[in-house]
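Only one structure is covered here, and it is reproduced in the block below.
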There are 2 protein chains.
Amino acid sequence: MKYEPVTIKDIGKALGLSTSTVSRALRGSYEISSDTKKQVLEYAEKVNYRPNPIALSLKERRSSSIGVVVCEIANNFFSQVINGIDSIAYNRGYHVIISQSHESYEREVVNVHHLASRSVDGLLVSLSSETTDMAHFINLHEKGLPIVFFDRVTNEIITHKVIVDNYKAAYEATLHLIKNGYKKIAHITSSPFLSITKERLEGYKDALLENGLAFNEKYVKYCSHGGMIVEEIEGALHNLLKIKQKPDAFVTAGDRITTGSLTAIKNLHLRVPEDIALVGFSNTNIPELLNPTLTTIRLPAFEMGQVATELLISIIESKRPVTSFETRVLQTEFFVRESSVKLQ
Amino acid sequence: MKYEPVTIKDIGKALGLSTSTVSRALRGSYEISSDTKKQVLEYAEKVNYRPNPIALSLKERRSSSIGVVVCEIANNFFSQVINGIDSIAYNRGYHVIISQSHESYEREVVNVHHLASRSVDGLLVSLSSETTDMAHFINLHEKGLPIVFFDRVTNEIITHKVIVDNYKAAYEATLHLIKNGYKKIAHITSSPFLSITKERLEGYKDALLENGLAFNEKYVKYCSHGGMIVEEIEGALHNLLKIKQKPDAFVTAGDRITTGSLTAIKNLHLRVPEDIALVGFSNTNIPELLNPTLTTIRLPAFEMGQVATELLISIIESKRPVTSFETRVLQTEFFVRESSVKLQ
DNA sequence: ATCGTTATCGGGAACGATTGCGTAGAAAAA
DNA sequence: TTTTTCTACGCAATCGTTCCCGATAACGAT
């Protein structure tokens, strides 16, 4: 089954003009008489002519498309980011090609090569939780492929980055729990390789230390698959609850981990916040509908997508090589709800 | 900033061979000596040569990419569908290009043209809630562009479709409420133009009529933006509650409408299911975490994406024009939870 | 009458890869 | 020695578009 669109050549043949003339008429060149222009334009409209972007891509050596690499789409945070990406890219005439790493390093490498060979004009990347080797990015970046990282970034590559103040957000969340009388505060987080994990851990740690509480390694549990596997969350929680000095509150990093933890707690028939309090990084749209309503740190996902895309397009469309890069730090929002407030 | 990949010409120049020889060597043609082959292969490996898929697309008149048109990504159902699409497309060597209509007819038209002109090999479509005119699809479909519809379909175009048994699902949900003693059952649904809306309405209606309950037009409220606007959901609910014969239960169609309704009910300080019961079409991952836990009809979203993609690729890769089409009907799942069960 | 100018348009190369066809050179057959 | 037969490669067209050059005609100026 073949889909055969009208080409510039077809128009030329039908009108007895050369392809060059048709091309110029279509682009409104000054060196084409208005009669011819009108004729061409009308005919093109009539046969519903659309320029073939593949031919254009080949000629212009650009595809007007940008590749996105995230761990998964079916995640509140990332789907909101993609929305932000889409909102900018669409208006600037770029297509968005999305690929999911599913938190797998191998899959990320394959996807990146796939996208690059597909001649995307640039890449928007949030690293997978397994990624430690950046060679696949470095290689392409050195060859001149524009890349912008967001959320889960690396400092091995000098380029634009868009992040949030994870340290502050985690600090704030932990401090909130301390102020509400919790003293044994645990932390269930994502893979230790991720930038966001390290930053959040520091914020959590400093909040404890600066408020006279000890930092206990045993209180920190990592979910190396970023919470994509239910069992790792359950395991983390069970391990925490086995400790003799059982935590009375905890901070979770990431959508999956937050809701996964809440589910696991419910399955254990523990009450929140009476038995254990919870503050989570989450971009769920329905924190108010949960039981209990959930205290969350919300990331400006949509905005992150927008900013990252603007930065990427600015590199792509820059006439001269870009040499100075920035790291945009956006602010998180903190919403206090029931899950973290001890009822007196 | 330019990204300049190695071409077959570069290899030829470096090795003193013509492009044809290099091309053939790369594809292992029998008419190239093994010496030359080895030389080319080794050099290509060394400089990390990747064939330019854009040039290939131009020549082969196919792009190995499929376009997806949904109303929005940041929606449980659609993001799960996209996951299913991606899982198949990836393995079959296709790229997925996603576009969002945001429930706007105009935006849908623009996106479809954008994708078609971008030379996607086929289209996976779920209609926007505003769409009544199918001309933009008919036009392309008649020209031979393979299209498969899923979830929100049209019978104006004869092609493969993947849907669920919406009639049965709505019937079942309504019956469940009736069996639980509810007699004044309302229905908040999406745009009246959508196939899913009509089918669900029929299921709802028949369940009422076949169980000795009257069907009341006033009990049916439409959200023409599919619930994307909070106010339309609130408005629908308020209108329902203003009726003197105030409903004691209702069925909601769609993720947004379901959670939106629950939020609106909470804001009115009504209790669920004591004051009003609720059964909703929803693909949320956390129905158990809601308060109350939510009785849901869940669509096999991932599977829908997979099936639709398989059907589309089968058309794309078919040697001869496809003339016989099928409509795959998948089964929904019904989960009874607290929101619909009257506590005696 | 000759030249320059301007307005309009066409020819053809280029983008990267594939592929049918042609052919040089060597080996094999006559 | 001559002819045939392979082997192993190059040439050029092709996909749709743009754009650098040229080409042509009309027209006014000298």
Side-chain angles (χ1 to χ4, degrees), chain A residues 2-41 43-44 47-65 93 116-121 143-144, chain B residues 2-41 43-44 47-65 93 116-121 143-144:
Chain A
K2 284 256 188 58
Y3 171 59
E4 305 264 4
V6 181
T7 74
I8 223 169
K9 203 183 289 180
D10 299 330
I11 299 180
K13 208 173 296 174
L15 264 38
L17 294 170
S18 78
T19 59
S20 349
T21 305
V22 176
S23 173
R24 271 183 275 253
L26 255 12
R27 342 201 80 239
S29 163
Y30 68 94
E31 43 183 348
I32 303 295
S33 70
S34 50
D35 273 2
T36 309
K37 268 187 202 167
K38 201 178 137 206
Q39 191 191 10
V40 170
L41 257 7
Y43 186 79
V47 298
N48 199 27
Y49 167 79
R50 314 264 165 188
N52 182 327
I54 293 196
L56 276 176
S57 293
L58 183 59
K59 197 150 177 48
E60 308 291 329
R61 288 139 155 266
R62 56 196 305 274
S63 61
S64 288
S65 64
S117 83
R118 184 82 215 148
S119 294
V120 292
D121 295 337
K143 280 198 201 156
Chain B
K2 284 259 187 57
Y3 172 59
E4 307 265 4
V6 181
T7 74
I8 222 168
K9 201 183 290 180
D10 299 329
I11 299 180
K13 208 172 295 172
L15 264 39
L17 294 168
S18 76
T19 59
S20 0
T21 305
V22 176
S23 173
R24 272 184 271 253
L26 254 14
R27 339 199 80 241
S29 164
Y30 66 95
E31 43 182 345
I32 302 296
S33 71
S34 49
D35 273 3
T36 309
K37 268 186 202 167
K38 200 179 140 208
Q39 193 190 8
V40 170
L41 256 9
Y43 186 79
V47 297
N48 199 27
Y49 167 79
R50 313 261 167 190
N52 181 328
I54 293 196
L56 277 175
S57 293
L58 184 59
K59 192 156 173 47
E60 307 290 330
R61 292 141 152 265
R62 57 195 304 274
S63 61
S64 288
S65 63
S117 80
R118 183 84 215 146
S119 294
V120 293
D121 295 339
K143 280 198 200 155

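Residue numbers start from 1 in every chain, and the chains themselves are labelled A, B, ... in the order their sequence lines are given, proteins ahead of strands.
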Heavy-atom closest pair, residues Ala44(A) and Ile11(A)
CB-CD1, 4.0 Å
Members of residues 10-17 of chain A that approach DNA chain C, where some heavy atom sits under 4.0 Å away
Gly16(A), Leu17(A)
Mind listing the closest non-hydrogen atom pair of Val22(B) and Gly12(B) along with its distance?
CG2-CA, 3.7 Å
Look at all strands and tell whether Thr36(B) reaches a base, only sugar-phosphate, or nothing, counting heavy atoms closer than 4.0 Å.
sugar-phosphate
Ile32(A) backbone acceptor or donor facing Ser29(A) side chain under 3.5 Å
no
With the criterion being N/O to N/O and under 3.5 Å, what pairs connect the protein with nucleotides 24-28 of chain D, and how long is each?
none

Applying side-chain contact (heavy atoms from CB on, under 4.5 Å), can you list everything that pairs with Ser65(A), at least two apart in sequence or on another chain?
Ser63(A), His95(A), Ile97(A), Val120(A)
Nearest whole Å is fine: how far is dA17(C) P from Leu58(A) CG?
9 Å
For dC15(D), take OP1 and OP2 only and decide whether either is under 4.0 Å from a side-chain N or O of Arg62(B).
no
Rounded to the Å, how far apart are Lys38(B) NZ and dA8(D) C1'?
18 Å
For Ile54(B) and Ser57(A) the tightest heavy-atom approach is CD1-CB, 3.4 Å
Pairing residues for Arg27(B) by the side-chain hydrogen bond (donor to acceptor under 3.5 Å, both in side chains) criterion, not counting sequence neighbours:
none
Output, in order, the C-alpha distance, side-chain angles, deciding distance and verdict of side chain to side chain contact (heavy atoms under 4.5 Å, CB included) for Ile8(A) and Leu26(A).
CA-CA 9 Å; Ile8(A) 223 169; Leu26(A) 255 12; 4.0 Å; yes
Could you report the tightest heavy-atom contact between Asp121(B) and Ser64(B), atom names first, then the distance?
OD2-N, 2.7 Å
Side chains of Asn48(B) and Val6(B): closer than 4.5 Å at any heavy-atom pair?
no
Output a table of nitrogen or oxygen pairs between the protein and nucleotides 17-20 of chain D separated by less than 3.5 Å.
residue : atom : partner  : partner atom : Å
dT17(D) : OP1  : Tyr49(A) : OH           : 2.7
dT17(D) : OP1  : Asn52(A) : N            : 2.9
dT17(D) : OP2  : Ile8(A)  : N            : 2.6
dT18(D) : OP1  : Arg27(A) : NE           : 3.1
dT18(D) : OP2  : Ser23(A) : OG           : 2.7
dT18(D) : O2   : Lys59(A) : NZ           : 3.3
dC20(D) : N4   : Arg24(A) : NH1          : 3.1
dC20(D) : N4   : Arg24(A) : NH2          : 3.3

Rounded to whole angstroms, how far apart are CD1 on Ile54(B) and C1' on dT18(C)?
17 Å
Let me spell it out: for each of Ile32(B) and Glu31(A), pick the nucleotide of DNA chain D with the closest heavy atom. Which residue's pick is nearer the 5' end?
Ile32(B)
With a 4.5 Å cut-off on side-chain heavy atoms, are Leu17(B) and Val40(B) touching?
yes
Taking side-chain contact (heavy atoms from CB on, under 4.5 Å) as the definition, give me every residue that meets it alongside Lys9(B), ordered by chain and number, with sequence neighbours left out.
Thr7(B), Thr19(B)
